[in-house]
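Comments concern the structure below.
The analysis underlying the following values was restricted to heavy atoms, covering all of them including side chains, and did not include hydrogens, waters or symmetry mates.
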Amino acid sequence: MRRSEEILRRPDYSFNRGVYKSMGFSDEDLRKPIIGVANTWSEVCPGSYNLRSLAQSVKNGIYAAGGTPVEFGVIGACDGTAQGSEGMKYILPSRELIANDVEVMVQAHRLDGVVLLGSCDKIVPGLLMAAARLRLPAILLPGGPMQGGAPFDGRASDLTSLSEGCGMLKAGKIAPDELDSLEESCCPGCGSCSFYGTANTMCCLGEALGMTLPGGALIPAVYAERTRMAHRTGEAAVRLVKENLTADKIINRESISNAIRVLNATGGSTNGVLHLTAVALEAGLSADEVTGLFEALGDTTPLIAKVNPASKYNMEDFYLAGGIPQVLRELSPLLERGALTVTGKTVGENIENYHYRAPNREVIKTLEEPFSRSGGVAILRGNLAPEGCVTKPSAIVPEMHVFHGTARVFDCEEAAEEAILGGEIAPGTVLVIRYEGPKGGPGMREMYKAMKYLYGMGLATSTAIVTDGRFSGTNNGCFCGHVSPEAAAGGPIAAVRDGDRITIDIPAKTITLEVGEEEIARRLALWQPPKQKYKTGYLAIYEKLATSASRGAVLNVEN
């Protein structure tokens, strides 16, 4: 018996039937599988803006396949709007709220399955966390990326062009009216941002996990094919319920391994490490197991795709080049081909049955002739990050894969940005931005603006940033984030002082504070933990319960 049938039986549950009938549902509707449509639509986030219309196509598909859709709203904040302000502290914690919201709605109303609509940075991982947690039939539908804007600085512009332009304006490289014009032309329509940031990375990883129909990650938001994909997703949701193909049969060690392969092979956002860890924890894997997979698979996965910020090509170009289906086809010998997907078939079967377009080899290469033999994301360890930190070799020029620099320490993001724009940063500097981790922020803000300002000031290839915070998937330059343990937890990053030497060695997978162990221990012995920053509201809860970035920055509910 389906879950919905249990609470719609006459006469014991006539009350529940009356609730549905008050909204116009019929007896015939209530005999079918009741499938939730979790919609993160809003008018504050461009990646969510088209989800209202897509939801209708999903519902049409559910009806056509013999199900009854029930749509409900879920929050979805915009990383872009929150960047560089206190608002960014709420963005990563919103991931937990999204997962909780979906869980509550699906469980409270005993829905038989759920379609998850979302496109953006913390929204998609929150939805995937809910799917793994619920262990019910579930399928993800991204809203699709936006198209690129007017040309700027040698490529199609996007939102990040505005941040780079601000640095250029400060450096006297462009005029104010050029920046104003860019503001009008860099985003020609809605969709997740047109670069390969966290939003599109997580949509691609959703497809790699098998939670999205093949090809569903990268169809641009404005394409008619996106609407057709929504209809097919609704149909697939009904089939998942009828076949009892639940998310826990799809999200497991094998599919997580495939997603890690794709993250490395495409040079996705460093935030993918954080979010895949959180999804894997919901699926029953341990954090150490996931970290081990990242380290092992990163060394054996070549970089076969390059998209902005690693190249001039944007997400529409990536889609037209073949997208994730082509990436999976190229990676096929390295994948867990027997992993199940929402098609009801395995990854291997999907690869064999997909209708491919001619690939663009400037965007997607082969295993035999990759862009590089090592993956796009790397975990570094050392006395500065005993539990590891994350970097993105594919977004760092090769001559900076080994970088020695002098520390300039900042205890918050704003102080670093002020110093950069004030002309205080010289080549050879390692900006250490700390107390921005899950607890220290709280909320683990992205150091997006700091990196973009360095780029605009002409310092991107002569400086580095090391932080217990995060980075946007569109950042480039030399950077290491997610330093664990974080400063607020007494990690070694709290002991760094101005003038210390730091070495980042990506080939060796190490990050080193060039200070003696006894001196580091002496400094930490004098360290005092910071006072809790928030006393009320959601951030107070997150600050108190958040785990390390190396543990996915999820909430610790065990104590």
Side-chain angles (χ1 to χ4, degrees), residues 379-391 396 400 402-442 444-447 449-451 453-454 457 459-471 475 477-506 508-533 543 548-550:
I379 308 294
L380 311 186
R381 294 180 184 270
N383 66 348
L384 188 54
E387 294 179 8
C389 65
V390 183
T391 190
I396 302 173
M400 293 191 72
V402 177
F403 186 81
H404 307 277
T406 302
R408 176 74 186 276
V409 181
F410 303 93
D411 286 345
C412 69
E413 174 190 4
E414 290 84 355
E417 292 167 359
E418 184 177 343
I420 295 168
L421 293 178
E424 300 176 22
I425 304 302
T429 300
V430 177
L431 292 82
V432 177
I433 308 176
R434 61 191 182 191
Y435 296 103
E436 289 288 2
K439 287 184 176 294
M444 203 180 179
R445 291 190 290 180
E446 291 178 344
M447 303 302 106
K449 280 191 173 180
M451 289 301 303
Y453 289 161
L454 287 173
M457 298 288 281
L459 293 165
T461 58
S462 60
T463 59
I465 292 181
V466 172
T467 180
D468 51 12
R470 301 179 294 118
F471 290 97
N475 281 134
C478 188
F479 58 89
C480 298
H482 307 205
V483 170
S484 300
E486 63 176 291
I493 191 172
V496 183
R497 294 181 179 176
D498 286 345
D500 288 345
R501 296 287 292 174
I502 293 174
T503 297
I504 299 166
D505 191 332
I506 294 174
K509 302 290 195 303
T510 60
I511 182 168
T512 307
L513 175 61
E514 306 291 354
V515 173
E517 296 304 312
E518 290 185 1
E519 174 60 16
I520 293 174
R522 186 189 69 81
R523 294 180 187 180
L524 290 176
L526 299 173
W527 173 82
Q528 295 292 320
K531 295 180 179 178
Q532 187 166 343
K533 294 179 180 177
E543 185 175 2
S548 165
S550 63

Nearest heavy atoms of [X] and [Y], plus distance in Å:
X      : Y      : value
Gly477 : Met451 : CA-CE, 3.8 Å
Phe479 : Thr391 : O-OG1, 2.6 Å
Thr463 : Cys478 : O-CB, 3.7 Å
Ala407 : Arg497 : CB-O, 3.7 Å
Ala450 : Ile465 : CB-CD1, 3.8 Å
Val430 : Gly405 : CG2-CA, 3.7 Å

Could you tell me whether the side chain of [Y] reaches within less than 4.5 Å of the side chain of [X], counting heavy atoms only?
X      : Y      : answer
Glu486 : Ile493 : no
Tyr435 : Pro530 : yes
Ile396 : Ile506 : yes
Leu384 : Ile502 : yes
Pro492 : Leu513 : no
Cys480 : Ile504 : yes
Phe471 : Glu446 : no
Leu431 : Ile420 : yes

Problem set entry | Thr467 side chain to Arg434 side chain, donor-acceptor N/O pair below 3.5 angstrom |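 No, no side-chain donor-acceptor contact under 3.5 Å.
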For this session: Answer yes if the side chains of Ser548 and Ser550 hold a donor-acceptor pair under 3.5 Å, and no otherwise.
Result: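 Yes, because at least one side-chain N or O of Ser548 sits under 3.5 Å from a partner of the opposite role on Ser550.
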For this session: Go through Arg470 and Met447 one step at a time and tell me if the side chain to side chain contact (heavy atoms under 4.5 Å, CB included) criterion holds.
Result: CA-CA 6 Å; Arg470 301 179 294 118; Met447 303 302 106; over 6 Å; no
Please check: side-chain N/O of [X] versus main-chain N/O of [Y], any donor-acceptor pairing under 3.5 Å?
X      : Y      : value
Glu543 : Lys533 : yes
Asp468 : Glu436 : yes
Arg381 : Thr510 : no
Lys509 : Ile379 : no

Problem set entry | Distance, nearest 0.5 Å, that separates CD1 of Ile433 from SG of Cys412 |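 The CD1 atom of Ile433 sits 9.0 Å away from the SG atom of Cys412.
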[X] with [Y]: basic N within carboxylate O range, under 4.0 Å:
X      : Y      : result
Glu424 : Arg408 : yes
Glu417 : Lys449 : no
Asp500 : Arg523 : yes
Glu413 : Arg445 : yes

For this session: Please test Thr406 against Arg501 for side-chain hydrogen bond (donor to acceptor under 3.5 Å, both in side chains), starting from the C-alpha separation and ending with a verdict.
Result: CA-CA 5 Å; Thr406 302; Arg501 296 287 292 174; 2.9 Å; yes
